[in-house]
Amino acid sequence: MMSLSEILNSRYSVRAFKKDPVEQHILEEIFSAAQRAPSNCNVQPWQTYVVSGAKKDQLKNLLIGTVMKQQPPEPDFNWKVAYEGIHRERQFGSANALYSSMGIAREDKMKRNMAMLRNWAFFDAPHVAFFTMDTYLDIMGAVDVGIYAQTLTLLLKERGIDSCMQGALGQFPQPVREFLELPEGRGVLFGMSFGYADDNADANKTRTDRAALQDAVSFVS
Ligand SMILES: Cc1cc2nc3c(=O)[nH]c(=O)nc-3n(C[C@H](O)[C@H](O)[C@H](O)COP(=O)(O)O)c2cc1C
């Protein structure tokens with residue numbers, strides 16, 4: 001079994017998948033284990049929907065239809081991607097890493113849009129998880145759900161299952177809300193496609209770097 005360090009060193013966001021679904025009992029084991037994630041005051045705000053099979057295809061069609069209308073996103077949470085300075089540079093860096101691995105030129109807007117659209121097709125993954133929570137929880141809940149989601153991705157990877165977290169899946173919550181029949185007061189924070197990686201796909205050749213330790217961590221003593 002891979003150590004946590006090995007998992008962290010080998011993981012990356014996977015954006016192309018084989019069709020094979022993960023067996024239901026394995027899904028249940030992994031999602032049970034993720035329930036151990038810590039949260040502020042142990043409130044466990046995550047309400048997760050794992051969508052697979054024909055339902056996943058229906059939801060994909062709904063979302064693609066919505067996105068193609070080219071209306072502005074209407075996220076349930078304050079998720080405006082307007083990065084500045086170094087954050088903006090890193091945002092461009094990650095986009096460029098993806099598009100260059102896919103052989104898409106910087107100025108090829110059409111192809112970039114098509115690649116972006118893949119988000120709402122869940123990159124053809126056999127499963128997609130939607131992370132929802134009560135909207136009043138705001139940043140308190142978002143921190144907890146982020147920790148939960150990362151816990152989940154590591155547990156998946158431990159079983160050889162890859163994933164891509166997707167803020168994109170929180171951008172058009174209305175069709176998701178209706179499809180999943182979310183109760184009043186609930187919002188869609190983000191989502192995550194997952195399954196077994198297609199190692200031959202260009203999108204999966206994407207790798208990103210990280211800031212040096214001294215640019216991220218200050219040891220104060
Ligand atoms: C909260 C969150 C939201 C993300 N949203 C998207 C997304 O909508 N689409 C996408 O392709 N990648 C998305 N990513 C993946 C990031 O682009 C990726 O983690 C980052 O570039 C680092 O690359 P790596 O995960 O391959 O190490 C998201 C990651 C996180 C943690």
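When a ligand or atom number is given, it counts from 1 through the structure's own listing order.
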Ligand 1 versus [X]: contacting region, heavy-atom distance under 4.0 Å:
| X | answer |
| --- | --- |
| Gln171 | neither |
| Ser94 | side chain |
| Cys164 | side chain |

Consider only side-chain N and O atoms of Arg177 and Gln174, and report whether a donor and an acceptor are under 3.5 Å apart.
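Arg177 vs Gln174: donor-acceptor pair found between side chains.
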Would you tell me whether Glu29 and Ser32 have side-chain atoms, one donor and one acceptor, within less than 3.5 Å of each other?
no
Any idea which protein heavy atom is nearest [atom], and the distance to it?
| atom | answer |
| --- | --- |
| atom 13 (C) of ligand 1 | Met165 O, 3.0 Å |
| atom 1 (C) of ligand 1 | Trp79 CH2, 4.0 Å |
| atom 8 (O) of ligand 1 | Ala168 N, 2.9 Å |
| atom 26 (O) of ligand 1 | Ser13 N, 2.8 Å |

His127 (side chain) donor-acceptor with Val22 (main chain) under 3.5 angstrom:
yes
I'd like to know whether ligand 1 has Gln91 as a neighbour, heavy-atom separation below 4.0 Å.
no
Using non-hydrogen atoms of the residue, decide whether Arg207 is closer than 4.0 angstrom to ligand 1.
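Checking ligand 1 against Arg207, which is what was asked, there is no heavy-atom contact under 4.0 Å.
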Considering distance alone, does some N or O of [X] sit under 3.5 Å from an N or O of ligand 1?
| X | result |
| --- | --- |
| Asn119 | yes |
| Arg15 | yes |
| Phe123 | no |
| Thr208 | yes |

Protein non-hydrogen atoms only, distance under 4.0 Å: does atom 20 (C) of ligand 1 have such a neighbour?
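For atom 20 (C) of ligand 1 the answer is no, since every protein heavy atom stays at 4.0 Å or beyond.
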Quick one: do Met192 and Leu156 satisfy side-chain contact (heavy atoms from CB on, under 4.5 Å)? Show the steps, please.
CA-CA 12 Å; Met192 182 185 81; Leu156 287 163; 3.6 Å; yes
Considering only heavy atoms of [X], which atoms of ligand 1 have at least one such atom less than 4.0 Å away?
| X | value |
| --- | --- |
| Tyr12 | 26 (O) |
| Arg210 | 22 (C), 24 (P), 27 (O) |
| Arg11 | 24 (P), 25 (O), 27 (O) |

Hey, could you give me each pair passing ring-ring contact (aromatic ring centres under 6.0 Å, His included) that has a residue in residues 34-55? Not counting sequence neighbours.
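Qualifying pairs: Trp46-Tyr148.
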side-chain contact (heavy atoms from CB on, under 4.5 Å) assessment of Phe77 paired with Met133:
CA-CA 10 Å; Phe77 297 91; Met133 67 171 197; 3.4 Å; yes
Do Asp134 and Arg186 sit within salt-bridge range, that is, some charged N less than 4.0 Å from a carboxylate O?
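Yes.
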Hey, is Asp124 close enough to Arg118 for a salt bridge, meaning N to O under 4.0 Å?
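Result for this pair is yes, salt bridge flagged.
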Start with the C-alpha gap between Val128 and Leu169, add the side-chain angles, then the distance that decides, and say whether side-chain contact (heavy atoms from CB on, under 4.5 Å) holds.
CA-CA 10 Å; Val128 59; Leu169 298 185; 3.6 Å; yes
Please confirm whether Arg207 makes a cation-pi placement over Tyr12, using NZ or CZ under 6.0 Å from the six-membered ring centre and within 45° of the ring normal.
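Yes, cation above the ring, under 6.0 Å and within 45°.
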Atom pairs and distances, side-chain donor-acceptor, residues 64-74, under 3.5 Å, sequence neighbours left out:
residue	atom	partner	partner atom	Å
Thr66	OG1	Leu62	O	2.9

Option nearest atom 3 (C) of ligand 1 (shortest heavy-atom distance, choices Ala115, Gly167, Ser193):
Gly167
